[in-house]
Amino acid sequence: MFVRPFQLSDYASITKLFREVLSEACYEETIEAFAKQLTLDPDLVLVSVLNDDIAGIIIGTIDQRNQGYYYRIAVAPEYQRKGIGKSLITGLKQKFIQRKVSKILVTVDVHNEPILPVYEAVGYTDNNFSRSFRHLRIVSGR
């Protein structure tokens, strides 16, 4: 298993993965944010590859205050609980560190609340969780 930047050839597999693991409402929000992030800063979209399959994806963003955010993570059901999510989180953290963000936060909404234990397992705490009453969104930082 390895983590790498998103490639255009991954698009069909990623949209299929999103449809498989996200609710319809979450899918609609995520696919829009995914497209926006790809136009703004595609280096913050990482995929995990296992056995030549896309096993998971993580989308990040950096805001105008130079804060890095984990936006959405999705792992194929057959690859869940195998360390894929943790690897994606760690890979994106390295991108944030390389970009010298001032702070790293996990965006929290109703759709990703259930996976917060994955972030906690890699060291994030409630102080790192950014809860918003608005829909999560990708911002054009830098």
Side-chain angles (χ1 to χ4, degrees), residues 1-38 40-63 65-142:
M1 185 264 305
F2 62 97
V3 173
R4 64 164 169 76
F6 170 85
Q7 299 170 356
L8 191 54
S9 60
D10 299 330
Y11 189 81
S13 297
I14 294 302
T15 54
K16 180 178 181 258
L17 171 63
F18 283 152
R19 284 220 182 264
E20 187 176 4
V21 300
L22 303 177
S23 69
E24 186 62 30
C26 185
Y27 173 85
E28 295 300 327
E29 287 177 29
T30 301
I31 205 73
E32 183 179 322
F34 175 53
K36 186 172 182 180
Q37 187 60 39
L38 288 177
L40 293 172
D41 192 347
D43 288 340
L44 296 178
V45 179
L46 302 178
V47 297
S48 176
V49 180
L50 184 61
N51 303 326
D52 295 326
D53 291 331
I54 299 294
I57 182 171
I58 192 163
I59 303 169
T61 191
I62 298 174
D63 71 8
R65 297 173 304 199
N66 197 39
Q67 295 183 135
Y69 290 86
Y70 295 102
Y71 173 79
R72 186 77 72 218
I73 187 170
V75 176
E78 64 270 26
Y79 296 119
Q80 291 176 3
R81 302 197 184 289
K82 297 185 186 308
I84 303 292
K86 291 176 187 174
S87 295
L88 287 164
I89 292 166
T90 301
L92 188 53
K93 180 180 180 179
Q94 291 307 311
K95 292 279 188 184
F96 289 147
I97 290 168
Q98 289 170 355
R99 301 275 189 96
K100 296 179 173 48
V101 298
S102 60
K103 188 174 189 179
I104 300 174
L105 297 164
V106 179
T107 51
V108 180
D109 69 356
V110 66
H111 304 298
N112 65 7
E113 187 88 34
I115 63 150
L116 292 183
V118 177
Y119 288 99
E120 291 169 338
V122 293
Y124 291 99
T125 66
D126 198 51
N127 292 334
N128 303 108
F129 298 155
S130 175
R131 290 178 168 84
S132 174
F133 295 106
R134 295 175 280 147
H135 287 298
L136 299 181
R137 67 189 205 292
I138 297 295
V139 294
S140 56
R142 47 178 182 131

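In what follows, every heavy atom counts, from backbone to side chain, and hydrogens, waters and symmetry copies are set aside. Computed from a predicted model, the values in this text were never measured in an experiment.
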Compile the donor-acceptor pairs under 3.5 Å between side chains in residues 81-95 and protein atoms, sequence neighbours left out, one pair per line.
residue: Ser87; atom: OG; partner: Gly83; partner atom: O; Å: 3.0
residue: Thr90; atom: OG1; partner: Lys86; partner atom: O; Å: 2.9

Subject >> Full working for side-chain contact (heavy atoms from CB on, under 4.5 Å) between Tyr119 and Asn128 >> reply: CA-CA 9 Å; Tyr119 288 99; Asn128 303 108; over 6 Å; no

Subject >> Euclidean distance, Gln67 CD relative to Ile62 CD1, rounded to 0.5 Å >> reply: 10.5 Å

Original post:
Hey, what do you get for OG (Ser130) to OH (Tyr70), rounding to the nearest 0.5 Å?
Top reply: 13.5 Å

Subject >> Pairwise side-chain contact, Tyr71 with Leu44, heavy-atom cut-off 4.5 Å (strictly under) >> reply: no

Subject >> Residue pair Asp43 / Arg99, side-chain heavy-atom distance below 4.5 Å >> reply: yes

**OP:** Indicate the atoms forming the closest heavy-atom contact of Gly60 with Phe96, along with that distance.
**Re:** CA-CZ, 4.3 Å

Original post:
Do side-chain atoms of Thr107 reach the backbone of Tyr69 as a donor and acceptor pair under 3.5 angstrom?
Top reply: no

Original post:
Are the side chain of Asn66 and the backbone N or O of Lys100 linked by a donor-acceptor pair below 3.5 Å?
Top reply: yes

Original post:
Looking at CG of Leu116 and CG of Asp126, how far apart are the two atoms once the value is rounded to the nearest 0.5 Å?
Top reply: 8.5 Å

Subject >> Nearest-0.5 Å distance, CZ of residue Phe6 to CD1 of residue Ile54 >> reply: 8.5 Å

**OP:** Please report the closest heavy-atom contact between Leu17 and Gly56, naming both atoms and the distance.
**Re:** CD2-CA, 3.9 Å

Original post:
Can you find a heavy atom in the side chain of His111 that is under 4.5 Å from one in the side chain of Tyr27?
Top reply: no

Original post:
Measuring from Ser48:OG to Met1:CE, what's the distance to the nearest 0.5 Å?
Top reply: 5.0 Å

Original post:
Which heavy-atom pair separates Ala76 from Val21 by the least distance, and what is that distance?
Top reply: CA-CG1, 4.3 Å

Original post:
For the side chain of Asp109 and the backbone of Asn112, is there at least one donor-acceptor N/O pair under 3.5 Å apart?
Top reply: yes

**OP:** Hey, could you give me the OG1/CD distance between Thr15 and Glu20, rounded to the nearest 0.5 Å?
**Re:** 11.5 Å

Subject >> Identified side-chain contact (heavy atoms from CB on, under 4.5 Å) counterpart of Ile57 within the set Val75, Thr30, Ile14 >> reply: Ile14

Original post:
Going through the checks in order, is the side-chain contact (heavy atoms from CB on, under 4.5 Å) test met by Arg65 and Lys103?
Top reply: CA-CA 9 Å; Arg65 297 173 304 199; Lys103 188 174 189 179; over 6 Å; no

Subject >> Donor-acceptor under 3.5 Å (Asn51 side chain, Asp53 main chain) >> reply: no

**OP:** Could you pull out all residues at least two apart from Glu113 that satisfy salt bridge (charged side-chain N to carboxylate O under 4.0 Å, His left out)?
**Re:** Arg131

